[in-house]
Amino acid sequence: LDPVTLTVVNNRLINICRQMGITMQKTALTTLFNEALDFSCVIFNRDVELIGQAEFIPCQIGSAILTVRWCIEELGLENFKPGDVIIHNDPFRGGAHLPEHTTIKPVYFDGELFGFACNVAHFIDTGACEVGGFSAQEVYQEGLRLPPVKLVSEGKDMKDIWKIILTNHRTPRYTIGDLRAIIGSLFVAERSTIELLNDYGVQTINQATKELMDISEEIMRSEIRKMPKGEYDYEDYMDDDGYTDKAYKIKVTLVVRGDELIIDFTGTDLQALGPINATYGATVGACYNAILLVNNPTAPINSGIYRPIKIIAPIGTIVNVKHPGASIVGSHETGPRITGAILGAFSKIFPDRTAAPDGATPFSFLFFGEHPDTGNKFVGFQYEGVGWGARKDHDGNNSVGAVCAARARMTPTEVMETRYPILVKEHRLVQDSGGPGTHRGGLASTSTYKFLAPVIFSVFTDRMKIKPFGLFRGKEGGGAKLFYKRKGEKRFKDAGRIFGKKIGSKLWGIRAEVGDEIKIVAPGSGGYGDPKERELELVLDDVKEGFVSKESAVKDYYVAIKGGIRYRIDYNLTEQLRSGRGGLH
Amino acid sequence: MGRWKNIEIDYQKDIENYCTLCGAILLRRFWVNENKGKELNFCNPECERLFKDYWLPKYGKKS
């Protein structure tokens, strides 16, 4: 087919996914969807090859490829009918983690199955042992686990399935609202796909998507051919699993062989008792995310681009949990670290393309209670923005979602205060949290929340002990912190100590009273290149903006700043510092 | 010579059938071959190829 037709078809498929996303955002009930945008929409052909995706959550899209395939394999293609909607959230059937609910709708054209519309959405509550399910030691404690079942059959709700789901969730009113939004997005995708097939004919669309996948495959193979043959490894460590004060190693080896790339996790630590284990689906999503970050950004994103990639994730490790191990945070805590470890290995191949590691955690803060104004039960999920790592030619971005869930964003202050009995007392960037470097790591943000009603909350993060490292003599960024202040107390204290936990980054099922406050400090990110080579004016600007303290300017950048209100560079002292003659070194 | 194998999912049992190479869960249809008299399951012939020309030479003696 001609390039114009291929481009138009590719863009139409992308736009169908975007339409699904807008439908979801505008009609869902929970803030995790209409504000935080924690969902992804994709289109598959009848051979379960991904043919369309848009700007959603990278780790969800990667796992969707497996989830949908396994879903169809289990149910059998012959059992699908027009008007069906299938739901599925089993981590041991391809899912990234249990809260991620995959729904798919077969799309028929002229009586023949063309493909599937798919929506992957992260539910806040799944009926786990406490909100968040962070204490889970096995999958059975993580909430209601659904194998692929029909939620809608030939256009009719399967009421028994709805009853089971709604009975198991803490806030069924939210669940029904969100499920209706999901189903609406699938109907939008079905209608738009049929319009596309009417415009071009099914034969042309099948031919176009096949050619687009072949083009993407060839672009990826040519990228791999540019890499020097060999093996490149890297290791990173998770702080702990919430139960044992032991770091968990993620070991990755990139093996470049001609035009294929093997991502081998052999040597990674055995799975943990706590829920940091990644499922195979989560690991695949994290790998695809890393690959797309450093390779040709012009390739159409479809199944073809992933064909030259092979992933080896030994079973029973923290990158491929064995049944019935817990994995409820493996996708959003360990997943970003898997991406970071792969980028660390890629930095040996493409130093110019690779960023230093990000904060790599959503700093999940979940809360459940009854709103005093309405008497309705509510459940909420708030992220905190981390720093993105510096690159060869740029500082990192400030206060954004972890790279692995890049599109996810914080719920705005106004919405938090309107929807929940929570007062946002503070939200700002964290000074000195960006790792020093020729290019500085992005800064994290911090928030302080005051509870205006009794609430049960859970918090899960990492990078409290093992901070985001720097690249090429860049320095590490700031780590995560968590503080708590009971009503009437004057000062914040370490949250772990207050609640009698030796691991202060992972708390679950805690009752907050009216007037209590929690202070969340997210991790920053790594710097890139020697901080001593950072331009003096950039350091001055950082101090003026409050991104870098005067103390850090001297200690990390060897730049002396004078003045209390109107900052200026002290060139004489700076020259002494940078030449090694200064008294401070 | 390998062959495709189809099984029915037994809901009375945990799903614990994994690809020998990549670790992916195998549900109803997978590729089977023998190595030293032992039946090995794979996602597809591609996984078997990599098992033989990458995994075994690198890790085979240790396992």
Side-chain angles (χ1 to χ4, degrees), chain A residues 48 63 65-67 69-77 88 90-95 138-140 145 147-149 231 253 255-258 260-268 271 278-281 283-284 287 307-325, chain B:
Chain A
V48 204
S63 64
I65 295 171
L66 301 176
T67 312
R69 180 160 62 82
W70 275 319
C71 194
I72 291 162
E73 193 179 318
E74 180 160 349
L75 286 179
L77 208 53
H88 159 231
D90 188 354
F92 293 100
R93 284 173 166 88
E138 53 182 10
V139 68
Y140 304 109
R145 183 176 166 206
V149 290
E231 300 195 0
T253 306
V255 184
V256 179
R257 304 201 317 171
E260 74 177 356
L261 177 69
I262 301 169
I263 305 177
D264 183 354
F265 290 98
T266 303
T268 294
Q271 72 186 56
T279 63
Y280 187 78
T283 294
V284 167
C287 290
R307 286 176 190 156
I309 315 296
K310 200 71 201 175
I311 296 159
I312 298 175
I315 188 71
T317 65
I318 61 165
V319 297
N320 190 3
V321 61
K322 186 174 166 58
H323 185 274
Chain B
M1 281 293 287
R3 64 190 160 84
W4 287 103
K5 185 172 179 180
N6 291 297
I7 57 166
E8 284 306 311
I9 296 170
D10 183 349
Y11 289 90
Q12 296 184 60
K13 291 181 180 171
D14 296 331
I15 298 172
E16 290 200 279
N17 186 18
Y18 305 96
C19 174
T20 307
L21 176 82
C22 74
I25 292 168
L26 306 170
L27 278 182
R28 283 176 65 183
R29 181 174 164 80
F30 50 91
W31 183 255
V32 181
N33 208 337
E34 284 192 3
N35 187 282
K36 295 177 185 172
K38 189 181 169 193
E39 200 170 76
L40 300 177
N41 300 335
F42 299 96
C43 298
N44 48 43
E46 174 68 8
C47 277
E48 188 201 352
R49 176 186 69 81
L50 272 182
F51 178 72
K52 285 180 175 165
D53 71 15
Y54 169 73
W55 197 93
L56 273 180
K58 189 169 182 179
Y59 304 112
K61 284 183 184 171
K62 296 177 201 167
S63 63

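Labels below follow one simple rule: chain letters A, B, ... track the order of the sequence lines, proteins then strands, and each chain is numbered from 1. Hydrogens, waters and symmetry mates are skipped; everything else that's a heavy atom, side chains included, is used.
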Answer with side chain, backbone, both or neither: which region of [X] has an atom nearer than 4.5 Å to a non-hydrogen atom of chain A?
X	answer
B:Leu21	both
B:Tyr54	both
B:Asn6	neither

Point to revise | Under 4.5 Å from any heavy atom of chain B - which part of A:Ile262 | key: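 For A:Ile262, the contact with chain B is made by the side chain alone.
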
Exercise for review: Could you pull out all residues at least two apart from A:Glu73 that satisfy side chain to side chain donor-acceptor pair (under 3.5 Å)?
Suggested key: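 Partners of A:Glu73 by the side chain to side chain donor-acceptor pair (under 3.5 Å) criterion come out as none, since no residue qualifies.
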
Review point. Nearest 0.5 Å, what's the CD1-CZ distance between B:Ile25 and A:Phe92?
Key: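 Rounded to the nearest 0.5 Å, the CD1-CZ separation comes out at 6.5 Å.
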
Check your understanding: Taking atom CZ of B:Arg28 and atom CD1 of A:Ile72, what is their separation to the nearest 0.5 Å?
Key ->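 Here the rounded value is 12.0 Å.
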
**Study point:** Heavy-atom side-chain proximity of A:Ile315 to B:Tyr18 below 4.5 angstrom
**Key:**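 In contact.
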
Check your understanding: Is there side-chain contact between A:Glu260 and B:Leu50, with at least one heavy-atom pair below 4.5 Å?
Key ->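 Answer yes - side chains close enough.
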
Practice item. State, to 0.1 Å, how close A:Ile311 and B:Cys22 come at their nearest heavy-atom pair, and which atoms those are. Key: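 Looking at all heavy atoms of both residues, the closest pair is O-CB, 3.1 Å.
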
Practice item. Over all heavy atoms of both residues, which pair between A:His323 and B:Ile15 is shortest? Give the atoms and the distance, please. Key: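 It is CB-O, 4.3 Å.
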
Review point. Does B:Trp55 use its side chain to pair, donor to acceptor, with the backbone of A:Ile312 at less than 3.5 Å?
Key: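 Checked: no pair found.
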
Practice item. Could you tell me which of A:Asp264, A:Val255, A:Asp90 has the largest number of non-hydrogen atom pairs under 4.5 Å with chain B? Key: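 Most heavy-atom pairs under 4.5 Å with chain B: A:Asp264.
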
Exercise for review: Keeping to residues at least two apart or across chains, list the side-chain hydrogen bond (donor to acceptor under 3.5 Å, both in side chains) pairs with something in residues 309-320 of chain A.
Suggested key: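 Qualifying pairs: none.
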
